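To start, the structure itself, in structure tokens.
As the structure is a prediction and not an experimental result, all values here were calculated from the model. In the text below, chain A, chain B and the rest are named by the order of the sequence lines, each starting its count at 1.
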Amino acid sequence: MTHRGSALLGIAGPGSGKTRALTFRVANLLQENVRPENILLVTFTNKAAEEMKTRVKEIIGSLPPGLWAGTFHSIGARILRRHASLVNRGPNFSILDEDDRGAMIKSSLAALKLKLPAKDQNLFIKKGLLRTILSSARNSALDLEDYVYTRLPELSHYLPVFKQVEEIYEEKKRLANAFDFDDLLSVWLKLLQENKQIRQRYQEQFQHILVDEYQDTNAIQDQLVLLLGENSSICLVGDDAQSIYSFRCAEIGNILTFSQKRPDCTVVKLVQNYRSVPEILELANYSISNNRQQIPKELFTVRAPGEKPYIYIASDNFKEAQFIVHKVLELYDEGQSLSDIAVLYRSSYLAQDVELELLKKNIPYMTFGGLKFLQRAHIKDILAWLKILENPLDEISWQRVILMHEGLGTATFQQLWQKMRSYPQPLQAVTGEQISPPRGLKGWKSLVGTLRQLEDADRENVPWLIQIILESHYGKYLKEKYPDDFAERIMGIERLAAYGSRCASLREFLESLILEEALIMEDLKEENPEKEYLTLSTIHSAKGKEWKTVLLIGLNEGRFPTSQGIKNIEEERRLFYVAATRAKDYLYLTSSREEYRGWGSYLSGPSSFIRELPPHCYQVIFEDYF
DNA sequence: GATTGGCACACGAAC
DNA sequence: TGTGCCAATC
Ligand SMILES: [Mg+2]
């Protein structure tokens with residue numbers, strides 16, 4: 001019936017046009033009249049998927065609807081919603097973000113402690129450890145037992161605790177009609193493995209599977225591709241030297257051993273680079289050659305010689321920030337658009353000083369990565385109200401909303417929740433006044449009033465829903481709680497509403513935001529497409545992008561590589577490699593001799609990534625430069 | 001049982 | 001710098 005398609009693996013360096021090749025392949029398939037729903041295009045971010053679709057549209061003139069494009073997580077969510085009843089959920093399930101997940105695991109541990117005999121109740125588990133272990137086991141496609149025995153044998157005496165917490169956590173998620181990020185992959189894979197009918201359905205549907213950035217897939221994602229693509233044509237592209245997501249359990253091995261798993265696979269290596277001038281490439285090549293685990297590949301560029309990368313070592317981090325802004329202005333005066341320039345860094349806090357300088361000089365910029373937008377209390381508040389509407393079983397959101405009312409605390413919440421969850425429709429039970437608390441009636445009445453208004457409002461009009469929340473008691477509460485920066489917080493909420501107006505439904509709004517926080521920036525761009533912005537980005541979020549000029553800051557030992565990252569220095573170096581190869585024409589590497597951050601000052605010295613470079617591959621800018 | 005204030009601690013990347 | 005936790009107080 002279906003013939004086994006071919007498998008193609010493209011291992012190619014940065015700027016070699018991997019993503020472009022994938023885009024053209026999709027365009028070709030569509031032109032050959034392959035039906036769009038038979039194509040599965042997996043990208044690293046959902047924004048990248050949108051950009052690729054736009055490109056395809058430009059190439060072939062129109063984009064037929066029905067193409068499956070997005071991240072593994074968003075495609076997992078789509079499939080799980082379709083088959084929600086098979087995986088013990090309703091189609092409106094919530095997706096937990098890291099905070100919600102952490103809170104739920106914490107309360108799972110607390111619940112376990114209550115069940116333990118008194119002598120064991122002082123059990124102490126390092127904060128975040130459970131979160132990491134449960135997630136890593138999942139993403140490594142191992143059960144908890146195998147994971148702990150093989151990867152963390154020193155913790156194996158804790159295994160019974162881990163297992164019980166996981167059990168409680170799983171049950172909590174089921175009751176809350178929620179999945180976490182890891183579930184979107186692992187439950188999806190399990191569904192395919194255990195349900196023959198569903199498996200065959202998607203195996204037949206996805207006749208063409210294309211995956212970008214394959215070096216950053218984890219074990220589950222690899223298994224998904226192999227299983228879904230058993231009989232399909234598969235096209236994967238990636239670069240082992242750009243694998244930078246091991247903290248999400250990405251395994252370089254996936255790309256290195258794919259051809260063993262699919263013996264019919266043709267491997268193509270491309271070392272041609274169309275992006276960077278040779279000087280930048282030379283520096284990047286030198287750097288990555290310090291890695292022993294990489295496939296040796298010397299990149300060649302088609303570009304004519306340009307300028308050697310610059311190194312600037314400032315006396316302190318403020319001076320470093322001043323240099324960056326000075327340089328940006330200089331480049332701007334020389335005719336470069338702000339949109340052609342990016343400031344990149346290992347960790348988001350390293351950008352703070354630069355941001356201050358930019359604000360002082362009134363230079364417009366946009367930040368990517370390290371976004372804490374959804375983490376901020378007022379944004380979480382608004383989202384909690386909205387999540388209740390979408391999924392009334394969402395315990396965490398109920399708790400958040402109930403606790404912000406006067407006179408209602410955790411104990412009362414627990415009592416209320418016991419009653420609420422016994423109703424098939426907790427929201428209606430509340431607004432229908434079938435439930436009331438033993439105390440805090442004033443706060444409760446105001447809560448019920450707001451919920452009634454929200455219930456009656458148009459569910460798909462997100463800005464309107466947000467408006468209702470702001471006009472309710474919540475608006476006053478917010479002002480009292482944050483008298484200093486109330487206005488700024490309202491602006492954040494307005495930003496949220498503006499994004500909401502672009503979404504067709506509340507569900508789409510919640511899901512797309514959680515699967516890509518950076519989307520919150522999009523409306524800014526569309527409001528004023530002409531406007532130029534300087535980009536400030538973490539290196540992780542700069543993946544797959546390029547700029548004419550890149551300024552890489554914070555190159556101090558302990559910052560980049562981070563002190564924690566020394567354990568996995570090769571990955572840190574790949575991160576440096578990714579950063580350097582984002583630059584087309586000009587690359588600036590900056591560092592500071594002394595750092596003032598938080599409590600004191602540090603003298604950490606320049607990053608080993610600078611020190612290990614041969615001096616002939618860069619030029620030094622002296623401190624009294626400006 | 002809710003709320004407030006003080007103290008300790010961490011501080012990395014994100015679907 | 002802020003956030004989470006605990007103990008004292010309302
Ligand atoms: Mg690419």
- Query: Taking the side chain of Phe181(A) as its heavy atoms from C-beta onward, which of dC15(B), dG1(B), dG12(B) lies nearest to it?
  - Reply: dC15(B)
- Measure the distance from CZ on Phe368(A) to P on dC15(B) and round it to the nearest whole Å. 12 Å
- With a non-hydrogen cut-off below 4.0 angstrom, is Leu408(A) in contact with a base, only sugar-phosphate, or nothing? sugar-phosphate
- Using 4.0 Å as the upper bound for N to carboxylate O, is an ion pair formed by Glu170(A) and Arg138(A)? yes
- Measure from NZ or CZ of Lys543(A) to the centre of the six-membered ring of Tyr245(A), then state whether that distance is under 6.0 Å and the direction lies within 45° of the axis. no
- Winner on side-chain proximity to Thr45(A), out of dA2(B), dC15(B), dG12(B), is dC15(B)
- Kindly state whether the pair Phe247(A) / dA13(B) counts as stacked, where counting means centroids closer than 5.5 Å and planes tilted less than 30° apart. yes
- Picking from dC15(B), dA13(B), dG12(B), the nucleotide nearest the side-chain atoms of Glu98(A) would be dC15(B)
- Between dA2(B), dA14(B), dA13(B), which nucleotide gets closest to the side-chain atoms of Arg248(A)? dA14(B)
- Once you round it to whole Å, what is the distance between C1' of dC15(B) and CD1 of Ile95(A)? 10 Å
- Task: Would you mind reading off the distance between Ile520(A) atom CD1 and dC15(B) atom C1', rounded to a whole angstrom?
- Result: 17 Å
- Message: Under a 3.5 Å distance rule, please check whether Arg582(A) uses its side chain to pair with a backbone N or O of Lys545(A) as donor and acceptor.
- Response: yes
- Query: 5'-most contact on DNA chain B: Thr71(A) or Gly407(A), nearest heavy atom basis?
  - Reply: Gly407(A)
- Query: Looking only at side-chain N and O atoms, does Ser541(A) come under 4.0 Å of OP1 or OP2 in dA14(B)?
  - Reply: yes
- Picking from dC15(B), dG12(B), dA14(B), the nucleotide nearest the side-chain atoms of Tyr245(A) would be dA14(B)
- Rounded distance in Å - CZ (Arg131(A)) to P (dG12(B)): 13 Å
- Tyr349(A) OH - dA10(B) P separation (whole Å): 15 Å
- Main-chain N/O of Phe44(A) paired with Asp212(A) side-chain donor or acceptor, under 3.5 Å: no
- Query: To the nearest angstrom, how far is Gln375(A) atom CD from dG4(C) atom P?
  - Reply: 10 Å
- Message: What contact category does Ser74(A) fall into here, base, sugar-phosphate, or nothing, at under 4.0 angstrom with non-hydrogen atoms?
- Response: nothing
- The residue, Lys106(A) or Gln352(A), whose nearest nucleotide of DNA chain C is more 5′ is Gln352(A)
- Task: Assign Glu571(A) to base, sugar-phosphate, or nothing according to its heavy-atom contacts below 4.0 angstrom with the strands shown.
- Result: nothing
- Item | Nearest-nucleotide 5' precedence on DNA chain B, Thr412(A) against Lys372(A) | Thr412(A)
- Pick base, sugar-phosphate or nothing for Gly440(A), based on heavy-atom distances below 4.0 Å to the nucleic acid. nothing
- For the side chain of Glu516(A), starting at C-beta, report the closest nucleotide among dA13(B), dG1(B), dC15(B). dC15(B)
- Closest nucleotide among dG1(B), dT3(B), dC15(B) to the Glu406(A) side chain: dT3(B)
- Item | Ion pair check, Lys53(A) and Glu50(A), cut-off under 4.0 Å | yes
- Item | Gln221(A) CD - dA14(B) C1' separation (whole Å) | 12 Å
- Message: Distance check needed: dA14(B) P versus Asn218(A) CG, whole Å only.
- Response: 17 Å
- Pairing of Glu570(A) and Arg573(A) as salt bridge, 4.0 angstrom limit: no
